[in-house]
Amino acid sequence: MKYTTFEIVILGMLGAIACVCQVALSFLPNIEVVSILFIVYTKVFGKKALFPIYVFVLLEGIFWGFGSWWIMYLYIWAVLWGITMLCRRNDSSITWAIINGAYGLCFGALCSITQGVMFGIGSGFAYFISGIPFDIAHCIGNFFTALFLYKPLTILLSKVRKMLVK
């Protein structure tokens with residue numbers, strides 16, 4: 001995959017924007033806009049959306065520290081990217097709200113895989129069970145952020161992408 005200098009700058013900035021948004025909302029338990037940003041990044045930029053996703057992952061590690069949670073981030077966002085790539089042709093806000101909500105609900109289960117591998121299956125199971133209330137909040141938050149932000153973000157980033165093509 002070939003990137004122009006302008007693409008590297010824009011895609012890097014998109015990763016930084018996701019990080020800033022995550023930090024800004026970190027006081028709210030599992031309420032975030034990162035998931036909808038990554039969905040829109042993937043819909044608009046396709047394979048190149050992996051660039052801002054992993055800029056975000058790196059920045060998260062630098063900002064919060066490279067703990068066991070960070071290992072989850074190496075694959076958990078790629079799962080969302082893959083789901084989005086599979087459903088990329090769909091343009092319904094409600095569909096993306098459902099997908100984003102389901103992803104939020106499954107987030108803890110996906111994270112518990114790393115916990116189970118690193119610290120034992122019992123630890124992974126306990127991690128999953130203890131996180132269910134947060135996963136429910138994550139589901140609801142993701143549903144509504146996608147419902148309200150999907151269209152405006154898609155329109156905005158599509159305009160940015162047109163600037164890259166010129």
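Within 6.0 Å of CD1 on I121 lie no more than 12 heavy atoms contributed by other residues, nucleotides or ligands. Around atom CZ of F125, no more than 12 heavy atoms belonging to other residues, nucleotides or ligands sit under 6.0 Å away. No more than 12 heavy atoms of other residues, nucleotides or ligands lie within 6.0 Å of CE in M13, so this atom counts as exposed by the packing criterion. The number of heavy-atom neighbours closer than 6.0 Å to CZ of F134, taken from other residues, nucleotides and ligands shown, is 12 or below.
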request  = Go through W77 and E60 one step at a time and tell me if the side chain to side chain donor-acceptor pair (under 3.5 Å) criterion holds.
outcome  = CA-CA 12 Å; W77 298 112; E60 287 288 290; over 6 Å; no
message = Pair F51, V55 - check side chain to side chain contact (heavy atoms under 4.5 Å, CB included), show working.
response = CA-CA 6 Å; F51 190 98; V55 165; 3.8 Å; yes
request  = Show your working on side chain to side chain contact (heavy atoms under 4.5 Å, CB included) between E7 and T4 and close with a plain yes or no.
outcome  = CA-CA 5 Å; E7 281 178 315; T4 66; 3.3 Å; yes
ask   = Passes side chain to side chain contact (heavy atoms under 4.5 Å, CB included), S93 versus F148? Steps please.
value = CA-CA 8 Å; S93 292; F148 295 113; over 6 Å; no
task = Under the side chain to side chain contact (heavy atoms under 4.5 Å, CB included) rule, what do H138 and I31 come out as? Steps first, then yes or no, please.
result = CA-CA 6 Å; H138 202 175; I31 307 298; over 6 Å; no
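We find the CE-CG distance between M72 and L74 to be 10.5 Å, quoted to the nearest 0.5 Å. For the atom pair S158 OG and M163 CE, the distance stands at 12.5 Å (nearest 0.5 Å). Atom OG1 of T145 sits about 8.5 Å away from atom CG of L37, to the nearest 0.5 Å. Note that CG of D135 and OG of S130 are 9.0 Å apart. Values are rounded to the nearest 0.5 Å. Note that CH2 of W69 and OG1 of T114 are 12.0 Å apart. Values are rounded to the nearest 0.5 Å. Rounded to the nearest 0.5 Å, atoms OG (S35) and CG (N142) are 4.0 Å apart.
Within the 4.5 Å cutoff, the side chain of I98 has no heavy atoms near those of the T95 side chain. K159 has its side chain out of reach of K162: every pair of non-hydrogen atoms, C-beta onward, lies at least 4.5 Å apart. Contact check for L147 versus N100: no side-chain heavy atoms found under the 4.5 Å cut-off. When side chains are defined from C-beta on, C139 does not count as touching Y103, because their heavy atoms never get closer than 4.5 Å. Using a 4.5 Å heavy-atom cutoff, the side chains of L58 and Y54 are not in contact. The shortest distance between side-chain heavy atoms of V40 and W96 does not fall below 4.5 Å.
At distances below 3.5 Å, not a single donor-acceptor pair connects side-chain atoms of K48 with backbone N or O atoms of Y3. Judged by distance alone, with hydrogens and angles left aside, the side-chain atoms of W64 form no donor-acceptor pair with the main-chain N or O of V23 at under 3.5 Å.
Under the 6.0 Å cut-off for aromatic ring centres, F56 and F38 qualify, their centroids lying closer than that.
The shortest non-hydrogen separation linking S112 to G124 is CB-O, 3.2 Å. The nearest pair of heavy atoms linking A146 to A97 is CB-CA, 3.5 Å. Heavy atoms only, all atoms of each residue included: L25 and E32 are closest at CD1-CA, 4.1 Å. Taking both residues in full, the closest heavy atoms of S68 and Q115 are given as OG-OE1, 4.4 Å, listed atom of the first, atom of the second, then distance. Considering all non-hydrogen atoms of both residues, C111 and I76 come closest at SG-CD1, 3.4 Å.
No single ILVMFWY cluster, assembled from side-chain heavy atoms under 4.5 Å apart, contains both L110 and F143. One hydrophobic cluster holds both I71 and F119 under the rule that ILVMFWY side chains link at heavy-atom gaps under 4.5 Å. Hydrophobic clustering of Ile, Leu, Val, Met, Phe, Trp and Tyr side chains at less than 4.5 Å, counting indirect connections, keeps I155 apart from I94. Under the 4.5 Å side-chain heavy-atom criterion for Ile, Leu, Val, Met, Phe, Trp and Tyr, V160 and V9 are members of distinct hydrophobic clusters. Both I10 and I8 are part of a single hydrophobic cluster, where members link through side-chain heavy atoms under 4.5 Å apart.
Between Y73 and F107, the ring-plane angle classifies as perpendicular under the 30° and 60° cut-offs. Ring geometry for W70 versus F66: interplanar angle over 60°, hence perpendicular rather than tilted (30 to 60°).
Applying the side-chain hydrogen bond (donor to acceptor under 3.5 Å, both in side chains) definition to pairs two or more places apart or across chains, those involving residues 38-47 are K43-Y150.
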